[in-house]
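Chain letters run A, B, ... following the sequence lines, proteins first and then strands; every chain starts at 1.
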There are 2 protein chains.
Amino acid sequence: MKPIQHTPDSSGLEPARPVKNELLEARVAGVRNASLAEKRREQICDAALELFLQKGFASTTIRDICARSGVNQASIYDYISNKNDILRRLLNRLWFRSGAPSLPDLLEQHPENSLQDNVAFYLKEFWSKRRKGTLLAYRTVPHLTKEDRKTMRARDEQLISRLAESIEDLTQLPENDPRTLVVANLVLFMASFGPLRDWLHQDLDNDLVADTVAAAIVAMIENLARYSPEQ
Amino acid sequence: MKPIQHTPDSSGLEPARPVKNELLEARVAGVRNASLAEKRREQICDAALELFLQKGFASTTIRDICARSGVNQASIYDYISNKNDILRRLLNRLWFRSGAPSLPDLLEQHPENSLQDNVAFYLKEFWSKRRKGTLLAYRTVPHLTKEDRKTMRARDEQLISRLAESIEDLTQLPENDPRTLVVANLVLFMASFGPLRDWLHQDLDNDLVADTVAAAIVAMIENLARYSPEQ
DNA sequence: TGTTATGCCTGACAAATGTCAGCAAAGTGT
DNA sequence: ACACTTTGCTGACATTTGTCAGGCATAACA
């Protein structure tokens with residue numbers, strides 16, 4: 001298992017590409033069979049995710065991950081390049097390609113539904129599909145490179161500015177009103193409400209919570225429209 | 001410096017006291033002079049806080065903390081009992097005794113102000129006085145004992161149930177409507193909005209953000225009153 | 001059946017970490 | 001000036017950690 005070639009951890013190489021839309025996964029060539037490698041990587045990532053959420057990133061050891069995934073301590077480096085590489089792969093899976101729909105998309109695709117219904121659906125999807133990604137992201141910020149943090153923030157900002165446009169449409173506010181941005185931020189934040197606080201209200205029915213939060217969001221937006229500056 | 005007696009880290013001793021309202025700080029008797037010890041402890045905690053927020057709890061080493069606080073690596077154990085003890089002291093300072101007012105208190109003490117103004121004031125206070133505590137709490141959850149986590153949750157639940165009562169008063173909803181609980185949760189969560197997302201909208205004016213969020217909260221509450229079940 | 005390619009694992013290393021024993025230094029009161 | 005108390009610190013310990021070199025087993029192939 002000789003020729004392991006890693007892509008360097010922090011590659012400040014690229015000539016100013018404007019926005020990356022994923023974190024860079026190191027190329028690891030320890031194992032020839034690509035599909036096997038992918039399968040192992042998945043084992044590793046699954047185990048690591050559990051542990052990271054349970055014990056935190058820094059106090060989860062490679063040995064823990066190996067034990068839980070059944071991969072040998074030495075072999076693991078045939079599949080991933082280092083501990084941070086695992087984290088990056090997880091964030092790519094769970095944060096960048098979570099499969100959760102964006103609210104603007106939903107509004108576009110289902111104009112027949114009420115705003116409240118669309119928002120409620122959005123929240124439920126987000127809470128189920130991005131729960132772990134959200135938790136992971138909020139908790140591991142300190143362990144990311146500046147570069148990686150910037151990439152994650154860029155993703156958020158992109159979502160938010162699209163959302164702000166939607167809110168502009170809904171409220172008929174002018175483009176330069178900064179409050180649309182604040183509310184867009186707030187909506188995205190409330191989409192993180194479920195994951196981030198699930199340690200608290202485990203006794204409340206999830207659908208009820210989603211519906212109530214959706215109603216709150218709708219009220220927020222309508223309120224914004226009501227107090228718009230005369231135009 | 002012999003007779004160091006530590007209170008054990010996880011003392012499951014007490015005979016079922018119902019709710020603790022702080023984390024247990026270990027008693028450390030390495031240094032006789034109490035006020036000096038307190039001063040040193042403060043140095044240590046200040047340094048540790050900076051580092052915990054910057055690098056995360058687990059990857060901050062005792063050596064880091066010593067270097068930054070100017071306390072010697074050996075001496076530090078004359079003032080604190082271990083790394084987790086520092087964290088607990090910090091959370092006590094910043095989470096349990098932050099000095100930020102609670103919204104119900106504000107409403108009671110200043111009925112002459114509008115709800116919106118009270119909420120806005122509450123948010124600003126919370127964001128300035130509990131910023132670090134919130135960040136610390138959300139990020140270090142995995143490093144706390146089950147016991148400690150329970151204590152923190154209890155504090156939150158206490159705040160929330162008081163807040164839920166206030167909301168009941170404002171909306172005239174019956175006592176058993178679970179939505180007041182959800183909204184109370186939400187309000188507390190939005191109070192964490194500023195701290196948790198300050199990595200994002202550093203370009204927006206803080207007062208504007210607070211006012212917009214306050215308006216959103218008021219809208220949420222009024223909306224709740226509007227769609228109350230007929231009684 | 002013998003050879004080879006490929007994935008797997010034992011064992012280890014250097015570095016870092018939490019923790020402290022025991023001594024040096026600095027006050028403090030006489 | 002001296003004895004004693006209280007604080008600070010050098011140096012080190014046992015462990016844990018990330019990481020890997022190099023050999024081993026096995027299955028494919030000749």
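Summary for the helix from C:dG2-D:dC29 to C:dT30-D:dA1: the axes at its two ends, each from 5 pairs, differ by 0° when rounded to the nearest 10 degrees.
Within the 4.5 Å cutoff, no side-chain heavy atoms of B:K124 are placed close to those of B:N206. A:P195 places none of its side-chain heavy atoms less than 4.5 Å from the side chain of A:R130.
Atom-to-atom, CD of B:Q73 to P of C:dG18 comes out at 9 Å; the value is rounded to the nearest Å. When the C1' atom of D:dG8 is taken as reference, atom CG of B:N33 falls 14 Å away, rounded to whole Å. Protein atom CG of A:D78 is 10 Å distant from nucleotide atom C1' of D:dC20, rounded to whole Å. Protein atom NZ of B:K83 is 8 Å distant from nucleotide atom P of C:dT19, rounded to whole Å. The distance from atom CG of A:N72 to atom P of D:dG18 is 15 Å, rounded to the nearest whole Å. Atom CG of A:N82 is separated from atom P of C:dA15 by 18 Å (rounded to the nearest Å).
Expressed to the nearest 0.5 Å, how far OG1 of A:T140 lies from CE of A:M152 amounts to 6.5 Å. With rounding to the nearest 0.5 Å, the separation of CD1 in B:I62 from CD1 in B:I76 is 5.0 Å.
Listed by chain and number, the residues in a salt bridge (Lys or Arg N to Asp or Glu O under 4.0 Å) with A:E42 amount to none (sequence neighbours excluded).
Proximity of a side-chain donor or acceptor of A:R179 to a complementary backbone N or O of B:T212 within less than 3.5 Å is not detected.
Between A:Y77 and D:dT19 there is a side-chain N or O to OP1 or OP2 distance below 4.0 Å. For B:Y79 and D:dG8, the shortest distance from a side-chain N or O to OP1 or OP2 is below 4.0 Å. The side chain of B:R40 places no N or O atom within less than 4.0 Å of a non-bridging phosphate oxygen (OP1 or OP2) of D:dT7.
Within the 6.0 Å centre-distance limit, the rings of A:Y122 and A:F126 are counted as a close aromatic pair.
Between C:dC8, C:dG18, D:dC20, one nucleotide has an atom nearer to the side chain of A:A74 than all others, and that is D:dC20.
Ring planes of A:F193 and B:F189: perpendicular class, angle over 60° (limits at 30 and 60°).
Among the atoms of the strands shown, only primed sugar atoms or phosphate atoms (P, OP1, OP2) are found under 4.0 Å from some heavy atom of A:L36.
When the shell of 6.0 Å around NZ of B:K132 is examined, it contains 12 or fewer heavy atoms from other residues, nucleotides or ligands.
Counting only residues at least two apart or in different chains, salt bridge (Lys or Arg N to Asp or Glu O under 4.0 Å) contacts with residues 92-103 of chain B comprise B:E22-B:R97, B:E25-B:R97, B:D46-B:R93. Residue pairs meeting the ring pair (Phe, Tyr, Trp, His ring centres under 6.0 Å) criterion with at least one member in residues 21-73 of chain A, sequence neighbours excluded: A:F52-A:F57, A:F57-A:H143.
Taking every heavy atom of residues 58-66 of chain B and every atom of DNA chain C, pairs under 4.0 Å involve B:T60, B:T61, B:I62, B:R63, by number. Across residues 41-57 of chain B, not one residue has a non-hydrogen atom less than 4.0 Å from an atom of DNA chain D.
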